[in-house]
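Only one structure is covered here, and it is reproduced in the block below.
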There are 2 protein chains.
Amino acid sequence: MVKKKELIGQTQSKIFDAATEVFEEKGYAGARMQGIADRAGINKALLHYYFRTKDQLFMAVFHVLLKKMFDKILSIFMEEATFKEKLRRFLDENIDFLIKNPKLPLFLLNEISHNPALAEGLKEKLQYGQIRDLIYDRHSKELKGYGIKKSDMPQLMITIMGMSVFPVAARDMMAIMMPQMNDTRKFNAFMQERKEFAAGFVMTALKNRKK
Amino acid sequence: MVKKKELIGQTQSKIFDAATEVFEEKGYAGARMQGIADRAGINKALLHYYFRTKDQLFMAVFHVLLKKMFDKILSIFMEEATFKEKLRRFLDENIDFLIKNPKLPLFLLNEISHNPALAEGLKEKLQYGQIRDLIYDRHSKELKGYGIKKSDMPQLMITIMGMSVFPVAARDMMAIMMPQMNDTRKFNAFMQERKEFAAGFVMTALKNRKK
DNA sequence: TCTATCTTTGACCAATTAGTTAAATTATTT
DNA sequence: AAATAATTTAACTAATTGGTCAAAGATAGA
């Protein structure tokens with residue numbers, strides 16, 4: 001027999017999944033409670049029964065997605081390995097993640113830019129503020145060998161992030177110049193290729209960097 | 001004496017400027033006609049007098065901004081110069097442009113992703129579809145010397161674009177990990193630094209690329 | 001089975017929002 | 001100066017949208 005709590009779970013997670021899809025697709029301002037209810041296959045009143053307001057529902061979805069993205073990014077750099085190894089693992093795993101969640105980066109970028117307060121929670125809670133120092137300190141010898149000073153870390157980190165995230169976020173715009181990007185199969189192949197291209201590109205640039 | 005056409009121009013361009021600001025800030029779905037009227041210092045009915053509907057006003061603004069962005073990108077690569085020189089000029093000028101128009105990339109990315117048809121006009125009109133071949137053919141000798149085949153061009157182009165555009169588009173998100181990015185003065189200094197960093201990074205990676 | 005609680009729904013409400021209209025004001029032409 | 005045309009406004013309308021409510025249906029415990 002199906003228990004009540006499982007039913008709650010079913011409905012609530014049906015709602016949550018539908019809300020995730022709709023918010024990712026249309027953004028907060030473009031999303032409609034009715035549209036979320038429709039996609040979840042339920043009544044709009046039931047939506048408000050489980051999540052009192054649009055803001056509450058959005059916040060629940062947003063924070064799960066933000067954490068999902070950052071956990072992926074950060075977990076790899078917290079492991080025990082050389083910087084070079086981490087770079088490869090990061091690009092491999094992050095690109096796989098992005099292929100599976102192609103709408104996520106642009107969604108997060110947009111919502112945060114429309115409402116910077118959204119990032120506040122994570123900022124304090126997980127102390128990501130220190131991440132630059134943490135990474136640098138763990139690999140200072142290796143990075144110094146590449147001519148990277150602590151003050152260069154933002155440049156390097158944003159470069160690495162951009163190598164994987166930018167193509168996914170900017171896909172539709174780049175497709176104006178490169179129509180083959182419109183074909184999802186080709187785009188995914190491009191992203192697979194990119195694992196190797198990006199890792200090679202960054203490591204070559206680092207190893208031959210003038211100090 | 002102020003002529004009628006200038007007056008029209010004044011009001012129309014006041015509206016256009018206000019609409020540009022509001023759309024860039026809030027996106028199509030988040031923008032309000034009343035908000036645009038307020039920012040332009042006029043009545044809402046007057047908005048509809050000059051631009052019949054929200055869609056019409058948005059389209060006018062959007063296409064100007066899309067063209068602005070692409071002209072900037074493409075003009076440099078159409079000049080007579082070596083690829084290396086173009087790369088430097090592109091990063092210099094594009095980063096200056098982005099510092100002045102920090103909300104532009106995310107706005108365009110978002111609106112196109114919410115409504116891919118928006119890109120159609122430009123795609124056909126300016127034949128950007130061929131840009132990859134155009135650039136490659138002009139620099140095939142130099143690029144082949146770096147071990148770049150024609151099929152590598154998308155990887156290279158998206159890398160170069162991402163080096164300049166990503167930091168601006170992802171600023172607020174990267175600021176979660178690097179709080180100093182929240183300070184506009186520091187961020188702009190970072191972008192200035194990036195001209196040199198990115199140019200050096202890309203050229204080093206190209207020159208030492210294994211073929 | 002009876003009761004209390006939890007879940008789901010249809011109908012409704014109030015606020016917001018894009019868009020209209022008719023009249024008033026200002027500018028242009030003759 | 002008078003007539004005509006363009007510009008601007010206040011007040012309004014219709015549709016959309018987030019949110020409520022009371023009642024019906026389902027579930028679990030006594």
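Lettering follows sequence order; numbering is per chain, from 1. Predicted model, so just to flag it, every value in this text is computed and none were measured.
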| query | Near B:Lys150 NZ, under 6.0 Å, is it more than 12 heavy atoms from other residues, nucleotides or ligands? | reply | yes

| field | A:Tyr50 OH to D:dT20 C1', straight-line distance once rounded to whole Å | value | 18 Å

| request: For DNA chain C, determine which residues of residues 21-31 of chain B have any heavy atom closer than 4.0 angstrom to one of its atoms, and list them numerically. | output: B:Ala31

| ring pair (Phe, Tyr, Trp, His ring centres under 6.0 Å) partners of residues 89-120 of chain A, not counting sequence neighbours, each pair once | A:Phe77-A:Phe90

| message | Has A:Asp152 got a side-chain atom pairing as donor or acceptor with A:Lys149's backbone, closer than 3.5 angstrom? | response | yes

| query | Do other residues, nucleotides or ligands put more than 12 heavy atoms under 6.0 Å from the NZ atom of A:Lys72? | reply | yes

| Taking NZ from A:Lys54 and P from C:dT16, how many angstroms apart are they, rounded to a whole number? | 14 Å

| query | Using a cut-off of less than 4.0 Å, is there contact between a side-chain N or O of B:Thr11 and OP1 or OP2 of D:dT8? | reply | yes

| Residue pair B:Asn115 / B:Glu111, side-chain donor-acceptor N/O under 3.5 Å | no

| Shortest side-chain distance from A:Arg52, nucleotide among D:dT20, C:dG19, D:dG19 | D:dT20

| Which value, rounded to the nearest 0.5 Å, describes the distance between B:Arg89 atom CZ and B:Ile76 atom CD1? | 5.5 Å

| field | Polar side-chain atom of B:Arg171 near backbone of A:Ser113 as donor-acceptor pair, under 3.5 Å | value | no

| note | Between CD1 of A:Ile36 and P of D:dT16 the distance, given in whole Å, is 18 Å

| said: Side chains of B:Thr159 and A:Arg194: any donor to acceptor distance under 3.5 Å? | reply: yes

| field | Separation of atom CD in B:Gln56 from atom P in C:dA18, rounded to whole Å | value | 15 Å

| remark: Rounded to whole Å, the CE-P distance (A:Met33 to C:dC12) equals 21 Å

| query | Is there a donor-acceptor pair closer than 3.5 Å between any side-chain N or O of A:Gln56 and the backbone N or O of A:Thr53? | reply | no

| To the nearest angstrom, how far is B:Phe58 atom CZ from C:dA18 atom P? | 14 Å

| Once you round it to whole Å, what is the distance between P of D:dA6 and CD of B:Gln10? | 19 Å

| Within the structure, does a side-chain N or O atom of A:Arg32 lie under 4.0 Å from either OP1 or OP2 of D:dG18? | yes

| said: Does anything in residues 42-49 of chain A come within less than 4.0 Å of DNA chain C? Heavy atoms only, and list the residues if so. | reply: A:Asn43, A:Ala45, A:Leu46, A:Tyr49

